[in-house]
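Have a look at the structure below before the remarks.
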Amino acid sequence: MDTVLEPLMKRPDLPQLVATLNEELQRERELRETFLRELTPNEKAEFIGGERILHSPARAAHIRAAKRLMKLIDEYVMKHNLGEVFFEKALVHLTRNDYEPDVLFYGKDKASQITPDQMLFPAPDFIAEILSDSTESRDRGIKFQDYAIHGVAEYWIVDADEGFVEQYMLVDQHYKLLRKLDSGTITGVAVAGFKIPVAAIFNDDAHRVAMRSFHVR
């Protein structure tokens with residue numbers, strides 16, 4: 001039995017606890033339905049733990065790092081016909097929560113199931129989140145847990161201020177840190193064969209060189 005459930009199963013008030021949980025989950029479902037119904041394309045918002053989370057505008061360093069990484073992965077995936085890359089306006093719809101990751105990748109099997117009119121997306125194969133002061137606790141907390149539970153095979157946490165990438169791989173429904181790099185080369189796993197200098201995420205000159213390398217015959 002799950003170690004979290006075991007002590008609860010021994011409590012004499014378990015039926016009352018279950019009833020309370022069901023009431024709270026129903027309230028949360030109703031709030032989520034309202035969130036999804038009222039969400040507009042002009043908002044960057046997520047639904048996490050029963051709350052609507054509105055995001056403030058991102059700083060330039062955050063936007064630049066996300067854009068460079070998205071362009072690198074997208075160029076590589078397109079060239080090798082590996083699937084499809086999306087960015088932050090794709091709403092990933094998981095069991096309880098809805099997220100807008102900065103960069104996400106679907107392999108060919110999952111990508112082939114995505115329709116032109118689709119607005120809610122399943123768990124992808126790869127996610128990268130660019131840290132900010134307002135999102136770091138969630139990127140390292142609830143998202144870290146939720147992405148793992150839903151089978152996101154690879155998760156990158158990118159710090160645009162300090163210039164490093166943490167690369168996590170899914171092992172038995174938990175993330176294992178493969179490497180933390182502020183220089184050298186990082187090699188992807190979910191995006192087969194994807195390899196870039198870490199500097200290409202943070203520096204325009206390195207980014208241009210990396211982009212050109214994808215066009216070498």
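Computation of the quantities below employed the complete heavy-atom set of this structure, encompassing side-chain atoms and omitting hydrogens, waters and symmetry-equivalent molecules. Quantities reported herein were computed from a predicted structural model and do not represent experimental measurements.
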Enclosure of E43 CD (heavy-atom neighbours >12, cutoff 6.0 Å): yes
Kindly give the heavy-atom pair with the smallest separation between L31 and G50, and that separation in Å. CD1-O, 3.6 Å
Given Y175, which partner from the list Y147, Y155, W156 fulfils the ring-ring contact (aromatic ring centres under 6.0 Å, His included) test? Y155
Side chain proximity check, L36 to F47, heavy atoms < 4.5 angstrom: no
Under a 4.5 Å cut-off applied to non-hydrogen side-chain atoms, are I157 and R140 in contact? yes
Closer than 4.0 angstrom, basic N to acidic O: yes or no for R208 and D205? yes
Under the side-chain contact (heavy atoms from CB on, under 4.5 Å) criterion, do Y76 and V85 qualify, and how do the steps go? CA-CA 10 Å; Y76 183 85; V85 176; over 6 Å; no
Which atom of L39 lies closest to which atom of A45, heavy atoms considered: CD1-CB, 3.7 Å
Any side-chain to backbone donor/acceptor pair from E129 onto D139? Under 3.5 Å, distance only. no
Between CZ of R179 and CE of M169, what distance do you get to the nearest 0.5 Å? 10.0 Å
Is it possible for you to say whether I127 and I142 belong to one hydrophobic cluster, with membership spreading through side-chain heavy-atom contacts below 4.5 Å? yes
Spatial distance of atom CZ (R96) from atom CG (L25) [nearest 0.5 Å]: 6.0 Å
Any salt bridge between E24 and R27, counting N to O under 4.0 Å? yes
Separation between OG of S134 and CG of L54, rounded to the nearest 0.5 Å: 11.5 Å
Following the transitive rule for hydrophobic clusters with a side-chain heavy-atom cut-off under 4.5 Å over Ile, Leu, Val, Met, Phe, Trp and Tyr, establish whether V209 and I196 coincide in one cluster. no
For the backbone of T187 and the side chain of Q167, can you confirm whether one donor and one acceptor N or O come within less than 3.5 Å of each other? yes
In terms of side-chain geometry, is the basic nitrogen of K180 or E162 positioned less than 4.0 Å from the acidic oxygen of its partner? no
Return yes when atom NZ of K67 has more than 12 non-hydrogen atoms of other residues, nucleotides or ligands closer than 6.0 Å, and no otherwise. no
Has D172 got a side-chain atom pairing as donor or acceptor with H174's backbone, closer than 3.5 angstrom? no
For the CG atom on D13, are there more than 12 heavy atoms of other groups (residues, nucleotides or ligands in this structure) within a distance under 6.0 Å? yes
Are V77 and E84 close enough that some pair of their side-chain heavy atoms sits under 4.5 Å apart? no
Taking NZ in K89 as the centre, count heavy atoms belonging to other residues, nucleotides or ligands within less than 6.0 Å. Is the count above 12? yes
CA sep, side-chain torsions, deciding dist, call: T95, H150, side chain to side chain donor-acceptor pair (under 3.5 Å): CA-CA 8 Å; T95 304; H150 286 86; 2.6 Å; yes
Indicate yes or no: at least one non-hydrogen side-chain atom of L91 is less than 4.5 angstrom from one of E100. yes
What about V103 and L131, same hydrophobic cluster or not, with Ile/Leu/Val/Met/Phe/Trp/Tyr joined at side-chain heavy-atom distances under 4.5 Å? no
Give me the ring orientation class for Y106 and F86: parallel if the planes are under 30° apart, tilted from 30 to 60°, perpendicular past 60°. perpendicular
Does some side-chain heavy atom of E30 sit less than 4.5 Å from a side-chain heavy atom of T34? no
Close side-chain approach of K110 and D125, heavy atoms under 4.5 Å: yes
Taking the side chain as every heavy atom from C-beta outward, state whether R68 and R64 have any atom pair closer than 4.5 Å. yes
So CG of L69 and CD1 of I130: to nearest 0.5 Å the spacing works out to 6.0 Å
Measure the shortest side-chain to side-chain distance between K71 and H207 over non-hydrogen atoms and say whether it is less than 4.5 angstrom. yes
Would V152 end up clustered with I114 when hydrophobic side chains under 4.5 Å apart are linked, directly or stepwise? yes
Mind checking whether F87 and I201 sit in one hydrophobic cluster, side chains of I, L, V, M, F, W, Y counted as touching below 4.5 Å? yes
